[in-house]
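Let me begin by presenting the structure, written as structure tokens, before commenting on it.
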Amino acid sequence: MTYRAALIGCGSIGKAHAGAYRYHPATKLVAVVDVEEARCREFGQVFEVPGCYADYREMLERERPDIVSICTWPQLHLEMTLACADAGVKGILCEKPMALKLADVDRMTSYCHAKGVRLVTGHELRFFPHHVQAKRLIDSGEIGQVSWMRGVRQGGDLVTNAIHTVDLMRYFMNDAPVLWVFGQVEAQTGRTAYGHPTEDSAMGYFGFEGGVRAFLETGAFTPLGNHRVVVFGTEGWLEVNPKDLHDMAGPHLRFQRRGSGCVEDVTIDNTDHNVRSFVGVLDALVTWLDGGPESPTSARNARFSQEAVFAIVESARLGSIVSLPLKTTDQFPNEMLFRVRRVSRPQ
């Protein structure tokens, strides 16, 4: 079976989605949507897509796609996800964050479940070859029992960038629950990202079920590293992306296994790595649609990564460790924190 696919939002991340649809043997991209007509048509020409629309509702009515990628700003994800589900779409690939409130994430998830729609999100780092290899080393006990991790995401922000790093650490931990988070946030410049307020820098300390702890740092003050994660075990260690996720020369993975005094380097072919990793996300969705297991990037699972990131901000607002699940789900944590800081700042 070939699934008819459509894409809403012709920005940079949309190109990775479109490339994945072009490569996957079970999908065909038949329509793209963007409010800027010129960009939409140019995008359609590059990826040889016949249908170009300015209105996503018109596209849903006319094209009746099986799968839709939502690559817009997060404020629009809830509305578009519900509309896709109502239109009979079978699978939705929604970019992260799924929404700016956990209550909206829950509404999207439950609504799609009730409609029989498979909802997944774009945590493509789980499908990078060297991340998969690193997980095999961890699962096979090559570095002993995992004791703690350190994650770095230079620049960017928590909700749209470092959420990938958190999800990657959860992946290495077999998605073990995060029990508590202790966080700090620095916000002096009034930055925004995709229309919502965001921090300049942040750090978070996580406690996983089973005792493993992890430390995350992100923003302007962090050392070099793009989704750089070091996993320390009782008998060795490993590091993914020691230089940069997008580094072409490598190494992309280095490790010291138990009983060895040598550090081993792994370099992979990094050509079109974003597209190839999204092929993995898409393949897991197609497998789920075909009656296979739930995708590892399902909305149900992705919610836990988003909650852990939100918990950093909530911890900074309260000035204390917070236990998960979070009690407040109907507000955007960034707005809550920055509102408190504006009120408490001397005039």
Side-chain angles (χ1 to χ4, degrees), residues 8-9 11-14 35-36 70-81 94-109 121-123 151-167 178 181-206 215-222 225-227 299 302-322 324-347:
I8 306 173
S12 58
I13 198 62
V35 292
E36 294 186 18
I70 300 176
C71 302
T72 60
W73 285 13
Q75 294 90 331
L76 302 172
H77 290 177
L78 171 64
E79 167 194 307
M80 290 178 171
T81 296
C94 181
E95 264 303 322
K96 45 74 202 158
M98 287 184 286
L100 296 180
K101 301 174 184 177
L102 286 175
D104 288 344
V105 173
D106 293 337
R107 184 181 175 193
M108 293 161 65
T109 304
T121 193
H123 280 305
V152 175
R153 205 309 181 177
Q154 186 186 35
D157 69 293
L158 280 169
V159 175
T160 55
N161 300 118
I163 190 172
H164 274 308
T165 318
V166 172
D167 191 72
V178 176
V181 177
F182 192 19
Q184 185 55 273
V185 171
E186 190 265 345
Q188 298 293 328
T189 63
R191 288 178 66 223
T192 60
Y194 304 102
H196 61 261
T198 190
E199 77 290 339
D200 299 315
S201 298
M203 61 180 69
Y205 192 36
F206 306 91
F215 184 77
L216 170 76
E217 49 188 313
T218 184
F221 79 98
T222 61
N226 187 6
H227 309 307
R303 184 194 189 278
F304 294 113
S305 295
Q306 185 163 336
E307 182 181 44
V309 165
F310 278 4
I312 294 174
V313 182
E314 182 71 348
S315 173
R317 181 178 75 88
L318 298 174
S320 64
I321 296 174
V322 296
L324 273 60
L326 289 177
K327 295 179 176 62
T328 302
T329 63
D330 60 350
Q331 298 188 60
F332 180 33
N334 286 22
E335 292 179 344
M336 296 171 65
L337 171 64
F338 300 153
R339 187 185 310 126
V340 168
R341 291 193 171 178
R342 282 195 298 268
V343 170
S344 61
R345 184 174 295 164
Q347 300 297 317

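Counting from 1, the numbers follow the sequence of the chain as shown. All figures in this text were calculated on a predicted structure; none of them were measured in a lab.
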Can you name the residues that form a side-chain hydrogen bond (donor to acceptor under 3.5 Å, both in side chains) with [X], not counting sequence neighbours?
| X | result |
| --- | --- |
| Ser12 | none |
| Glu79 | Tyr56 |
| Glu199 | none |
| Asn161 | none |

Next item on the list: Not counting sequence neighbours, which residues clear side-chain contact (heavy atoms from CB on, under 4.5 Å) with Ala103? List them please.
Entry: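 For Ala103 the side-chain contact (heavy atoms from CB on, under 4.5 Å) partners, ignoring immediate neighbours, are Thr329, Asp330.
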Notebook entry, point to check: Which residues satisfy the salt bridge (Lys or Arg N to Asp or Glu O under 4.0 Å) test with Asp104, sequence neighbours excluded?
Noted result: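 If we apply the salt bridge (Lys or Arg N to Asp or Glu O under 4.0 Å) test to Asp104, skipping adjacent residues, there are no hits.
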Next item on the list: Could you pull out all residues at least two apart from Asp157 that satisfy salt bridge (Lys or Arg N to Asp or Glu O under 4.0 Å)?
Entry: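 Result, salt bridge (Lys or Arg N to Asp or Glu O under 4.0 Å) vs Asp157: none returned.
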Only distances under 3.5 Å count here; give the side-chain donor-acceptor pairs of residues 306-315 to other protein atoms, sequence neighbours excluded, each with its distance to 0.1 Å.
from: Gln306; atom 1: OE1; to: Met98; atom 2: N; distance (Å): 3.3
from: Gln306; atom 1: NE2; to: Ala99; atom 2: O; distance (Å): 2.6
from: Glu307; atom 1: OE2; to: Leu326; atom 2: N; distance (Å): 2.9
from: Glu314; atom 1: OE1; to: Arg317; atom 2: NE; distance (Å): 3.0
from: Glu314; atom 1: OE1; to: Arg317; atom 2: NH2; distance (Å): 3.4
from: Glu314; atom 1: OE2; to: Arg317; atom 2: NH2; distance (Å): 2.8
from: Ser315; atom 1: OG; to: Gly183; atom 2: N; distance (Å): 2.8
from: Ser315; atom 1: OG; to: Ser320; atom 2: O; distance (Å): 2.6

Gap between atom [atom2] of [Y] and atom [atom1] of [X] - 0.5 Å precision:
| X | Y | atom1 | atom2 | value |
| --- | --- | --- | --- | --- |
| Asn226 | Thr218 | CG | OG1 | 9.5 Å |
| Leu78 | Lys101 | CG | NZ | 9.5 Å |
| Met80 | Thr72 | CE | OG1 | 4.0 Å |

Check: Looking at residues at least two apart in the chain, or sitting in another chain, which of them share a ring-ring contact (aromatic ring centres under 6.0 Å, His included) with His77?
Finding: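 Residues passing ring-ring contact (aromatic ring centres under 6.0 Å, His included) with His77: none at all.
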Checklist line | Set of ring-ring contact (aromatic ring centres under 6.0 Å, His included) partners for Phe221, sequence neighbours left out | finding: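 Once residues adjacent in sequence are excluded, Phe221 has no partner under the ring-ring contact (aromatic ring centres under 6.0 Å, His included) criterion.
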Note to self: Exactly one of Val166, Leu158, Ile163, Thr165 should register a side chain to side chain contact (heavy atoms under 4.5 Å, CB included) with Arg153. Which one does?
What the structure shows: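 With Arg153 as partner, Val166, Leu158, Ile163, Thr165 yield a single side chain to side chain contact (heavy atoms under 4.5 Å, CB included), made by Thr165.
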